[in-house]
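Letters go in sequence order (proteins before strands), and every chain restarts at 1. What you are looking at is a predicted structure, and each value in this text was computed from that prediction instead of being measured.
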Amino acid sequence: MSESIKNEISDAKILPFGESAILIEFGKGIDPEIHSRVKVFTEDLDLNPLPAMIEYVSAFSSVTIFYNPMKVRKMQKDVPEEKSLLTFEIVAAMVREKLCKLERGADYTPRIVEIPVCYGEEFGPDLQYVAECNKLTVDEVIHIHSHGEYLVYMIGFAPGFPYLGGMSETIATPRRQSPRMSIPAGSVGIAGMQTGVYPIATPGGWQLIGNTPVELFRLQDNPPTLLQSGDRIRFYPISRKEYEEYKGGRS
Amino acid sequence: MSIKVLSPGLLTSIQDLGRYGYQKYGVIVSGGMDTYALRLANLLVGNKEGEATLEMTLMGPSLLLEADLLLAITGGDLSPTINGESVPQGRPVLVRKGSVLKFGALKSGCRSYLAVRGGYDIPEVMGSKSTYLRAKIGGYQGRALLQGDILPVRCSSPLSLAESLEKTMGSRSFAFPSWYVGKSYVSETSQEYKVRVIPNSQFPLFSPDSRKQLFQQPFQVTTQSDRMGYRLSGASLQLTEPLEMVSEAVALGTIQVPPDGNPIILLADRQTVGGYPKIAQVAGADISTVAQIKPGSRIWFVEISLAEAERLYAAREADIQRITITVQSQLAGITT
């Protein structure tokens, strides 16, 4: 990791978020550099959780830590009332200490996850539209979509749903005028500059181009999702036959 | 031991204190909306405070108790009766096998909690029994209760209090002690509620008018309010200038403002992340108050400092600590 990023990690902004959470901002916007700081910090949190931490949520450029204020209070119980700090200040000091330590050498190597997609057919009712919109052939759309490398900036919206960055502008397509009532689980879609995969059936306005037989939300596993923040993913096309085999092999 | 659902009510689901540790995977917290009432209900029957309870909304269920049970009802008042006879809230009640516990007209609040001694015997999913309605996981088969459902109840050692109630019960179908807890915070008749909030770090980005309006006029809770969040109507809150914002975590009680200017208070079934600006944060100590406000009522937001919110939170926990100690000695038959 370069020296400049190291410095920026400890420059993160620490803000209160109610009496039970704290927000750590590593920058603004959607940027792989900023996100790598988010990931370095959360990897450290996984290994060395803060005392009184309940859990954290990492996002594009920030991390929010949820904590138990009563446990934090107990940590300073010998301090006289008039000298006692805000619970927030105690947590902020612990976060700052952690950020400073991170200057010394932490780094992260992204996992690469490959996701098979059966493009088109009934799985991708909007594939033709995406091609027409961008003056491409269907095969060109598939080629472009499956030759990109995408960064999982965060998981949210639904269990295991990845917010991906890195899609080629040449296949960007606006959302549908009217959303579908239900999009099947495994659907791969495009919405504006974004692409994504739906882990569970849900209503939505994305342009659907294919479907993956891989389960993104795995209730029995820990972690319960295929993807995690910081992963890099690649899509690769599979035939209808391979799709069926994959599904059949699992059940 | 079990409970049979004769009629399910409007929205009755199994909820505990929530599913923690999985928000980073997009799995929402869920759990009881009014955790204060939920914890009290459990304490009153000698359960761990975070045991699963039934959360009942606006119109409660009708339940056949297929065993002798010690139960407690807390939170909003949905006029509970046992075999047609009114039954009091906020205390343990020993009920005979074969009795029908029926909830009726809404008298106060919005949600009521039913805890049974031993707890409902259903499996945990990702460390919690809470029902995650949208993903159809947890709770009773991942859904709200339906007519004909049989809820198993775990066996548990009898409490000293239950034994003494048993002796005095005679031929009646239920019995309860004279003491009770936690009645005061659900307002009987009010249509207006004060809710204390801490301005969020994005508060200064709202227009000076909007910042004033947040505290100078009431907001009505609309009918598009549910476990996910309360949609409010009143002044239209606007940013001074458009904000380029990327999604980040939201919290219980976050007040976010979509472009239409109508604030939304995020509650138990909130999504893990959101992309709307956040104007304020409801103090943790007032979340239970919000959870008991029904659509049509009005909220006045009151600004407090972070220090005050922390103090209120600690006071609420101390209050529960005190109740716990008192109730535990009562349940063990220790009278002072």
Side-chain angles (χ1 to χ4, degrees), chain A residues 13 15-21 23 25 28-31 34 42 45-46 54-66 68-70 72-73 84-89 153-163 199-202 216-220 222-229, chain B residues 18-29 125-127 132 134-138 142 197-202 243-255 271-275 278 280-285 287 304-314 316-318 320-321:
Chain A
K13 241 165 111 181
L15 299 161
F17 191 5
E19 78 287 288
S20 311
L23 173 67
E25 283 182 351
K28 297 266 181 215
I30 301 173
D31 177 341
I34 296 170
T42 57
L45 270 183
D46 286 334
I54 297 166
E55 62 181 320
Y56 69 79
V57 173
S58 62
F60 284 105
S61 54
S62 68
V63 176
T64 301
I65 296 175
F66 297 92
N68 180 335
M70 299 313 289
V72 180
R73 265 177 185 252
S84 73
L85 294 167
L86 279 174
T87 307
F88 163 73
E89 290 169 325
Y153 276 103
M154 62 186 217
I155 305 284
F157 171 68
F161 181 88
Y163 285 75
I200 57 174
T202 165
L216 275 82
F217 180 45
R218 304 155 171 216
L219 197 51
Q220 272 69 27
N222 195 10
T225 53
L226 171 69
L227 302 173
Q228 293 172 41
S229 166
Chain B
R19 187 168 282 113
Y20 286 94
Y22 299 93
Q23 285 199 82
K24 60 171 172 276
Y25 305 116
V27 177
I28 66 169
V29 173
V125 177
M126 291 189 257
Y132 179 176
R134 210 177 130 210
K136 301 187 178 69
I137 60 171
V197 302
I198 317 148
N200 188 278
S201 52
Q202 287 162 348
L243 176 66
E244 246 340 284
M245 215 192 119
V246 297
S247 292
E248 60 185 26
V250 296
L252 179 61
T254 295
I255 306 174
Q271 286 182 9
T272 56
V273 292
K278 304 178 257 297
Q281 184 68 31
V282 174
I287 292 289
I304 60 167
S305 65
L306 178 60
E308 179 66 358
E310 289 189 354
R311 197 193 59 72
L312 290 169
Y313 188 99
R316 163 62 62 93
E317 290 306 306
I320 292 181
Q321 255 342 96

**Request:** Pick one of side chain, backbone, both or neither for A/Glu19, based on which atoms fall under 4.5 Å of a heavy atom in chain B.
**Result:**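 Interface part for A/Glu19: both.
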I'd like to verify something: which residue of [options] has the highest number of heavy-atom pairs under 4.5 Å with chain B?
options                               : result
A/Met154, A/Glu25, A/Gln220           : A/Met154
A/Leu227, A/Leu15, A/Thr87            : A/Thr87
A/Tyr153, A/Phe88, A/Phe161, A/Phe60  : A/Phe60
A/Pro16, A/Ser61, A/Ala158            : A/Ala158
A/Gly156, A/Pro224, A/Gly29, A/Ser229 : A/Pro224
A/Pro223, A/Ser62, A/Gly160, A/Ala201 : A/Pro223

Nearest 0.5 Å please: distance from the [atom1] atom of [X] over to the [atom2] atom of [Y].
X        : Y        : atom1 : atom2 : result
A/Arg73  : B/Arg311 : CZ    : CZ    : 9.5 Å
A/Phe17  : B/Ile198 : CZ    : CD1   : 10.0 Å
A/Leu23  : B/Lys278 : CG    : NZ    : 7.5 Å
B/Tyr25  : A/Glu55  : OH    : CD    : 10.5 Å
B/Met126 : A/Leu219 : CE    : CG    : 4.5 Å
B/Met245 : A/Lys28  : CE    : NZ    : 8.5 Å

**Request:** Sort out for me which of B/Ser247, B/Ala135, B/Ala283, B/Gly274 touches chain A most, counting heavy-atom pairs under 4.5 Å.
**Result:** B/Ser247
**Asked** If you count heavy-atom pairs under 4.5 Å with chain A, which of B/Pro199, B/Ala314, B/Gly253 comes out on top?
**Response**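 Counting heavy-atom pairs under 4.5 Å, the top option is B/Ala314.
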**Request:** Check the pair A/Ile155 / B/Tyr22 against side chain to side chain contact (heavy atoms under 4.5 Å, CB included), numbers first and verdict last.
**Result:** CA-CA 10 Å; A/Ile155 305 284; B/Tyr22 299 93; over 6 Å; no
**Request:** Answer with side chain, backbone, both or neither: which region of B/Val197 has an atom nearer than 4.5 Å to a non-hydrogen atom of chain A?
**Result:** neither
**Part of B/Ala280 within contact of chain A (heavy atom distance under 4.5 Å)** =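 Contact with chain A: none, neither part.
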**Prompt:** Considering residues at least two apart in sequence or located in another chain, which fulfil the side chain to side chain donor-acceptor pair (under 3.5 Å) criterion with B/Tyr132?
**Reply:**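 Partners of B/Tyr132 under the side chain to side chain donor-acceptor pair (under 3.5 Å) test: none.
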**Prompt:** Excluding sequence neighbours, so at least two apart, what forms side chain to side chain donor-acceptor pair (under 3.5 Å) with B/Gln271?
**Reply:**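 B/Gln271 satisfies side chain to side chain donor-acceptor pair (under 3.5 Å) with no other residue.
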**Message:** Using a 6.0 Å distance limit plus a 45 degree cone around the ring axis, check whether B/Arg134 lies over the aromatic ring of A/Phe157.
**Reply:** yes
Which atom of [X] lies closest to which atom of [Y], heavy atoms considered:
X        : Y        : value
A/Ser20  : B/Tyr313 : OG-CE1, 3.9 Å
A/Gly18  : B/Leu306 : O-CD1, 3.5 Å
B/Glu317 : A/Met70  : CG-CG, 3.6 Å
B/Ala249 : A/Ala59  : N-CB, 4.5 Å
B/Glu310 : A/Leu86  : OE1-CD2, 3.4 Å
B/Gln23  : A/Val57  : CB-CG2, 3.6 Å

**Prompt:** Hey, does A/Phe217 have a side-chain heavy atom less than 4.5 Å from the side chain of B/Val27?
**Reply:** yes
